[in-house]
Amino acid sequence: MQYDQLTPSQRKAVFHHEGPLLVIAGPGSGKTRVITYRIASLIDSGIAPYNICAITFTNKAAEEMRQRAYALGTSPGAHISTFHSLCARTLRTYARQADISDSFSVYDAADQARCIKQAVKLCELDTTNFPPARMLDAISTLKNKLIDAETFKHDADDFFSKTLAEIYGRYQNILNENNALDFDDLLMKTSSLLENCPDVCEKLSNRFKFLLIDEYQDTNHAQYRVAKALVSHHGNICVTGDPDQSIYRWRGADIRNILDFENDWPDAVVVKLEENFRSTPNILSIADQLIACNQSRKQKKLVPTIPPGKDVSIEPFEDERHEADAIAQQISQLADRKVALSSIAVFYRVNAMSRTLEEAFIRHKIPYQIVRGVEFYSRKEIRDLLAYLKILVNPDDEIALMRIINTPARGIGKTTLNKVRNHAASRNITFYKALKDAANIKSLSNAPKAKIAVFVSLIEQFQKELSGGVGPLAERVFCDCGLEKSLKTAEDSTAIENVNELINAAHEYDKQTENPLLVDYLQQISLFSDVDAYDTAKGTVALMTLHAAKGLEFENVFIVGLEEGLLPHERSNVDEDNEQLEEERRIFFVGITRAKTNLQISYAQYRTIRGQLLRTIPSRFLFELGAQFSEPAEESRHYDYGTSQVASGFKIGQLVQHNSFGLGRVKNFVDVGENSIVVVKFNTGQTKSLMVKYANLSIV
DNA sequence: CATAGCCGCCTTTTT
DNA sequence: GGCGGCTATG
């Protein structure tokens, strides 16, 4: 085994074989390489690959780590996957002990949305006062903290908590009835399985004698507990992460997991990797300057190892179209100079911003790919076919069943379904069982009975063919359920292509899996998404959110939309909550540190948001990047505002008056001379960041 | 029962 | 601007 590529501190991390190990690693320090080499060196020293478990943040990262480990000459067999995949597998293996059925469906956001709506409806609550999305969020937070519905109900004392508890209970009932688990359940149920069944815990702990976790700063409490249980019999846990790159707090990520690692494992060895092998000093210096503005952080250096390069540029543009066009043009020029398109990426804060960029890339004939998984798996035709397949292994999955019972149209309408549902409720049987029993539903006439019988026999026929591989089955179902015919009639060739892509993927799964099972395929596929589909081999420019950029690196990076409200995002409530502001700053930090050589940061002076052209304010983060960037000359013709008073300074708490927003109180004042920003909470309830020189605020 | 068209609702980030 | 759900119509 060759370790030439490692620095002394990396080598120390790799060779420390026993006991807890914490690798605090800055961006570009090769922390993923540390994990990969550690896997290889463990195998090299005689540990069976079978006894190693590595956890990555995305499936894509897992795939890459597998490849790299093989490239180092290790034999396959190490378990490398995400927490969610590992938990899904564990729950299926030990379904009996976990008190669930092994044929469970995994519900994604869209399925969850349907369930929570049903739950709120069942509680006879108004969706305006109890927005389903909010309720789901609250439930997810509870699940991440491993608080189940009963416990929460028991402790609920105020009206809101009690109502939420009721919704939570109903929601969970619906999932149970459908034999379904949501993403959070995968973690929560695994955690309680390991903690309540010592024999299962011991088995797994002995199977995985070495646990390695990448991106540990973004683990949540449930994942922490799973990890802790997994190593309970040996303590061989190695984690790597960077607190400055923690960007999933909103999803329950708990930065304390990494900060408290040394308390949890007092004999832990800590290795710090501060050298950066990725970016030029020019890029690192602005990254450093930005992240230094975060108050709640441990000091950490970014030590450059490569020679200076080009300065980072900060470009103003008139509007988002000009911004996109200019970037497309620059990329064209790079392409003319034979720069590989796969070395270029554009990052933005929200998915909606990809459209303008896409249009510009099409105009300039630049091949691109949008790195976002919702795309593929949320397409109607894909969801439809997957719903058919889900029904075959889990007929209780009513969400899937309702999706396809009349898709394509087979004359089973709302009235019929209501009658079946009543029958199911009165007999206390599942919807699918009621369908099978349709002949005995008195309120149904013969025509709908016959139609239901055809549907049921179709499903039962498919169910007989479960053992012949996922690919052939998917093909057969697509052809015989009528979907193919209806797509052909509609001449929807893209939809057909998409389905073919899914079928190809299923064949690929059959090929790569020792014992291909539909249930396994479905449980894994639900956990695939966004970054997983990104393919560098395609030779295209990559467009993605800053979140999706985590863990990646590119020679040339463009970050767009550095504007107040966008980055930091308005929904993150930054003026009320400093923690959230710091997370937004880390998101930007992650983006900056993806760049190896060239980085351009831009903002638009006008941006169309929800169809409205709005004047923007440059992001406060740009000002934090400091004096080395002079504020670009702004063309006064853009402003139909009259010139107003220049900053004389505002005090926090001061009462001010605005022409259209009315009275408000100053929450914050960022004094940067001419471009000073004042943050005002208006009596209307909204909080706005305003540029003093345009806001025309008067002191009351 | 199917379809088209309209209205109202939401719109950060994602395993 | 986009989608889901509802309604009116065939």
Side-chain angles (χ1 to χ4, degrees), chain A residues 55-62 81-88 106-110 112-114 117 121 127-128 131-134 136-137 140 143-144 181-188 215 218-220 222-223 226 246-253 347-356 371-375 377-378 380 406-418 445 447-448 451 486 490 523-533 544-551 561 565-574 580 583-584 586-588 590-591 608-612:
Chain A
I55 306 279
T56 55
F57 195 71
T58 63
N59 287 297
K60 175 78 179 176
S81 77
T82 63
F83 259 115
H84 285 86
S85 290
L86 174 69
C87 290
V106 177
Y107 275 6
D108 67 7
Q112 280 180 289
R114 293 192 155 272
K117 271 184 193 158
K121 221 176 175 181
T127 49
T128 1
R134 281 277 174 80
L136 207 50
D137 225 46
S140 174
K143 286 187 176 182
N144 286 159
L181 304 181
D182 65 20
F183 284 1
D184 301 314
D185 284 336
L186 293 175
L187 302 172
M188 186 158 139
E215 307 281 12
D218 278 322
T219 50
N220 63 30
Q223 291 166 330
V226 170
S246 156
I247 55 175
Y248 284 92
R249 205 180 79 114
W250 53 275
R251 207 176 75 185
F347 304 150
Y348 37 83
R349 178 65 176 82
V350 298
N351 284 309
M353 293 167 76
S354 67
R355 266 193 36 146
T356 321
V371 181
R372 185 181 49 190
V374 209
E375 279 292 279
Y377 288 105
S378 67
K380 188 183 175 303
N406 203 29
T407 306
R410 47 173 70 86
I412 304 176
K414 217 166 112 184
T415 336
T416 309
L417 293 177
N418 275 335
S445 52
K451 287 168 182 165
S486 80
Q523 286 171 2
Q524 293 302 319
I525 209 171
S526 321
L527 305 172
F528 266 74
S529 72
D530 74 312
V531 203
D532 301 333
M544 67 188 87
T545 64
L546 286 157
H547 281 87
K550 181 166 124 156
L566 222 40
L567 185 59
H569 197 278
E570 57 182 350
R571 299 274 299 205
S572 65
N573 198 19
V574 287
Q580 292 201 48
E583 175 141 323
E584 293 289 309
R586 290 193 292 268
I587 292 168
F588 187 26
V590 166
T608 311
I609 291 170
R610 271 164 266 159
Q612 274 215 309

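These numbers come from the heavy atoms of this one structure, side chains and all, not from hydrogens, waters or symmetry mates. In what follows, every chain begins at residue 1, and chains take the letters A, B, ... in the order their sequences are listed.
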Rounded distance (Å) that lies between atom [atom2] of [N] and atom [atom1] of [X]:
X	N	atom1	atom2	value
A:Phe183	B:dT13	CZ	C1'	15 Å
A:Tyr348	B:dT14	OH	C1'	14 Å
A:Arg586	B:dT12	CZ	P	20 Å
A:Arg571	B:dC10	CZ	C1'	9 Å
A:Arg349	B:dT11	CZ	P	14 Å
A:Glu570	B:dT11	CD	P	12 Å
A:Arg134	B:dT12	CZ	C1'	13 Å
A:Trp250	B:dT11	CH2	P	14 Å

**OP:** Please name all residues satisfying salt bridge (charged side-chain N to carboxylate O under 4.0 Å, His left out) with A:Arg114, sequence neighbours left out, ordered by chain then number.
**Re:** none
**OP:** Name all residues meeting the ring-ring contact (aromatic ring centres under 6.0 Å, His included) criterion together with A:His84; count only those two or more places apart in sequence or in a different chain, and write none if there are none.
**Re:**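 For A:His84, the residues satisfying ring-ring contact (aromatic ring centres under 6.0 Å, His included) (neighbours in sequence not counted) are A:Phe183.
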**OP:** Evaluate the side-chain proximity of A:Leu181 to A:Tyr107: yes if any heavy-atom separation is below 4.5 Å, no if none is.
**Re:**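 No. Closest side-chain heavy atoms not under 4.5 Å.
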Under the side chain to side chain contact (heavy atoms under 4.5 Å, CB included) test, which residues partner [X], sequence neighbours left out?
X	result
A:Ile247	A:Asp218, A:His547, A:Lys550, A:Arg586, A:Ile587, A:Val590
A:Ser572	A:His569, A:Val574, A:Gln580, A:Glu584
A:Asn406	A:Ala409, A:Arg410, A:Ile412

Original post:
Using a cut-off of 4.0 Å on non-hydrogen atoms, how would the nucleic acid contact of A:Phe57 be classed: base, sugar-phosphate, or nothing?
Top reply: sugar-phosphate
Original post:
Base, sugar-phosphate alone, or nothing: which one does A:Asn406 contact when heavy atoms must sit under 4.0 Å apart?
Top reply: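 Sugar-phosphate: the residue A:Asn406, judged by heavy atoms under 4.0 Å, touches backbone atoms but no base.
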**OP:** Could you list the residues that satisfy side-chain hydrogen bond (donor to acceptor under 3.5 Å, both in side chains) with A:Asn418, not counting sequence neighbours?
**Re:**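 In terms of side-chain hydrogen bond (donor to acceptor under 3.5 Å, both in side chains), with neighbours along the sequence ignored, A:Asn418 is linked to A:Arg421.
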Original post:
What pairs with A:Thr219 under side-chain hydrogen bond (donor to acceptor under 3.5 Å, both in side chains), at least two apart in sequence or on another chain?
Top reply: A:Asn257
**OP:** Between A:Ile412 and A:Arg251, just flag the one whose closest nucleotide in DNA chain B comes earlier from the 5' side.
**Re:** A:Ile412
Original post:
Starting at the 5' end of DNA chain B, which residue's closest nucleotide do you reach first, A:Ala133 or A:Phe83?
Top reply: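 It is A:Ala133, whose closest nucleotide lies nearer the 5' terminus.
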Whether [X] contacts [N] is assessed here as follows: a side-chain N or O lying under 4.0 Å from the phosphate OP1 or OP2. Is that the case?
X	N	value
A:Thr545	B:dT14	yes
A:Asn351	B:dT11	no
A:Thr416	B:dC1	yes

Original post:
Counting N and O atoms only, with roles assigned by atom type, does the side chain of A:Asp185 sit under 3.5 Å from a partner on the main chain of A:Asp182, one being a donor and the other an acceptor?
Top reply: yes
Original post:
So, A:Glu583 side chain and A:Arg249 main chain: donor-acceptor pair closer than 3.5 Å or not?
Top reply: yes
Original post:
Any stacking of A:His547 on B:dT13, going by centres under 5.5 angstrom and planes within less than 30 degrees?
Top reply: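 Stacking is absent between B:dT13 and A:His547, given that the ring centres and planes do not meet under 5.5 Å and under 30°.
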Between N or O atoms, less than 3.5 Å apart, protein on one side and nucleotides 4-6 of chain B on the other: list the pairs.
none

What pairs of nitrogen or oxygen atoms, one from the protein and one from nucleotides 2-7 of chain C, lie under 3.5 Å apart?
{"from": "C:dG2", "atom 1": "OP1", "to": "A:Arg355", "atom 2": "NH1", "distance (Å)": "3.1"}

